[in-house]
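Since the structure comes first, as structure tokens, the remarks are kept for the end.
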2 protein chains.
Amino acid sequence: MTQATFFVLTALADQPRHGYGILREVEDLSGGEVRLRVGTLYGVLDRLTADALIVLDREEVQQGRLRRYYRLTDDGMRALTAEAERMAAGASAAQRRIAEGRRAPERPVTPPATGPGLAGGLA
Amino acid sequence: MTQATFFVLTALADQPRHGYGILREVEDLSGGEVRLRVGTLYGVLDRLTADALIVLDREEVQQGRLRRYYRLTDDGMRALTAEAERMAAGASAAQRRIAEGRRAPERPVTPPATGPGLAGGLA
DNA sequence: GTTGAATATATCGGCGGACGATATATTCTG
DNA sequence: CAGAATATATCGTCCGCCGATATATTCAAC
């Protein structure tokens with residue numbers, strides 16, 4: 001799942017929203033870091049609809065402007081949940097490894113075999 | 001940053017590895033879920049090298065087979081750290097919103113205006 | 001009263017990145 | 001001797017993101 005797709009699903013996770021509302025919501029919940037372009041948005045919306053992860057909830061005409069509201073399906077909610085878990089797992093895996101890498105020169109507790117050959121290196 | 005790029009950086013976070021080793025390491029640390037194709041790998045490696053997030057650490061000939069080891073640069077470490085933070089933030093934002101959406105019908109503590117219209121629910 | 005920003009939709013072409021296929025070479029196992 | 005595993009590399013295709021562009025309405029400014 002791409003970043004754009006993930007953020008669109010996230011924006012729809014709590015309530016149905018219309019396209020432009022998703023744009024602002026994504027910008028908001030990412031702390032202003034992620035700004036979806038309209039071209040990206042409607043592509044994502046079409047693909048998610050085709051995959052049945054979202055559906056058209058309703059259409060409203062607010063002050064002469066059409067608002068097309070989309071809503072997560074059960075599949076969409078499941079997909080988002082799974083993706084969030086995968087991301088969390090990936091993030092902590094990375095953070096763990098970063099910590100391990102930094103610790104390397106300390107030679108903590110368990111030497112692999114018995115130290116002597118290591119001097120030669122790549123040999 | 002793409003998924004493939006993120007996992008390559010993560011695989012290199014604790015120690016230098018060669019291409020094929022990265023392939024197995026990524027599969028390993030993702031619990032078998034992510035399998036990089038060689039076409040993807042070398043593309044990523046070239047791009048990361050061009051961006052100076054990794055460098056060629058050394059070349060070894062092990063049993064007649066060339067091994068080309070790559071290593072994270074300081075920039076690469078910073079980029080990975082930042083990306084991991086962004087992913088963790090994104091994941092918890094999604095999980096928070098999922099919880100909010102699910103909690104909606106419970107009407108917890110603070111009603112927005114005064115509750116009467118809510119009975120309609122999702123209608 | 002017209003101009004410009006915000007709101008709201010939609011399409012299209014370019015470009016970059018992931019992937020599948022393919023190729024080469026060595027070592028190990030059967 | 002054949003096939004799997006190890007290890008490198010390239011190429012074409014397809015898909016997704018982005019920038020540009022278009023249309024239409026409302027509201028604030030001048």
Side-chain angles (χ1 to χ4, degrees), chain A residues 1-12 16-28 30 32-51 53-71 79 83 86 90 122, chain B residues 1-12 15-28 30 32-51 53-71 79 83 86 90:
Chain A
M1 183 180 300
T2 63
Q3 224 116 343
T5 302
F6 172 76
F7 275 109
V8 169
L9 289 181
T10 302
L12 293 176
R17 292 177 198 276
H18 63 283
Y20 197 83
I22 295 174
L23 245 38
R24 287 177 306 178
E25 188 60 22
V26 167
E27 189 179 342
D28 208 57
S30 71
E33 280 183 39
V34 180
R35 278 190 178 181
L36 258 43
R37 323 302 154 126
V38 286
T40 305
L41 175 70
Y42 289 104
V44 169
L45 250 25
D46 288 347
R47 249 171 286 126
L48 285 175
T49 300
D51 294 347
L53 299 187
I54 64 174
V55 284
L56 184 60
D57 186 63
R58 67 187 188 278
E59 287 180 342
E60 284 180 12
V61 177
Q62 201 81 10
Q63 295 164 324
R65 297 193 204 94
L66 177 65
R67 285 183 173 179
R68 192 160 286 160
Y69 284 81
Y70 292 90
R71 154 173 59 88
E83 183 68 10
R86 239 172 294 146
L122 62 103
Chain B
M1 183 182 299
T2 64
Q3 223 117 342
T5 302
F6 172 76
F7 275 110
V8 169
L9 288 181
T10 302
L12 293 176
Q15 57 174 279
R17 293 178 197 275
H18 63 283
Y20 197 80
I22 294 173
L23 244 37
R24 288 177 305 178
E25 188 61 21
V26 166
E27 188 179 343
D28 207 58
S30 72
E33 280 183 40
V34 180
R35 279 191 177 179
L36 259 41
R37 322 303 153 126
V38 286
T40 304
L41 175 70
Y42 289 105
V44 170
L45 251 25
D46 287 347
R47 250 171 285 125
L48 285 176
T49 300
D51 294 347
L53 299 187
I54 63 174
V55 285
L56 184 61
D57 187 62
R58 66 187 190 277
E59 287 180 342
E60 285 180 11
V61 177
Q62 201 80 10
Q63 296 163 322
R65 299 193 205 92
L66 176 65
R67 285 182 173 180
R68 192 161 284 158
Y69 284 80
Y70 291 90
R71 157 173 57 88
E83 184 67 11
R86 239 173 294 148

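Letters A, B, ... are given to chains in the order of the sequence lines, protein chains preceding strands, and every chain is numbered from 1. Computation of the quantities below employed the complete heavy-atom set of this structure, encompassing side-chain atoms and omitting hydrogens, waters and symmetry-equivalent molecules.
- The distance between atom CD of E27(A) and atom P of dA8(C), rounded to the nearest whole Å, is 15 Å.
- The CZ atom of R17(A) sits 13 Å away from the P atom of dT9(C) (whole-angstrom rounding).
- Remark: R24(B) engages no residue in a side-chain hydrogen bond (donor to acceptor under 3.5 Å, both in side chains) (not counting sequence neighbours).
- Note: OH (Y42(B)) to C1' (dT8(D)) measures 5 Å, nearest angstrom.
- Note: NE2 (H18(A)) to C1' (dT9(C)) measures 10 Å, nearest angstrom.
- One can place CZ of F6(B) at 18 Å from P of dG17(C), the figure rounded to the nearest angstrom.
- Rounded to whole Å, atom P of dT8(D) lies 9 Å from atom CG of L45(B).
- For dA5(D), the OP1/OP2 oxygens have no side-chain nitrogen or oxygen of R24(B) closer than 4.0 Å.
- In this structure, CG of L56(A) is placed 16 Å from P of dA8(C), rounded to the nearest angstrom.
- R67(B) places its CZ atom 8 Å from the C1' atom of dT6(D), with the value rounded to the nearest Å.
- Shown here are the side-chain hydrogen bond (donor to acceptor under 3.5 Å, both in side chains) partners of T40(B), two or more places apart in sequence or in another chain: there are none.
- Phosphate contact (OP1/OP2 of dT8(D), side-chain N/O of Y20(B), threshold under 4.0 Å): absent.
- In this structure, the separation between CD on E25(A) and NE2 on H18(A) is 11.0 Å, given to the nearest 0.5 Å.
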Base versus backbone protein contacts along nucleotides 15-28 of chain D [heavy-atom cut-off under 4.0 Å; B, S, -]: -SSBBB----BBS-
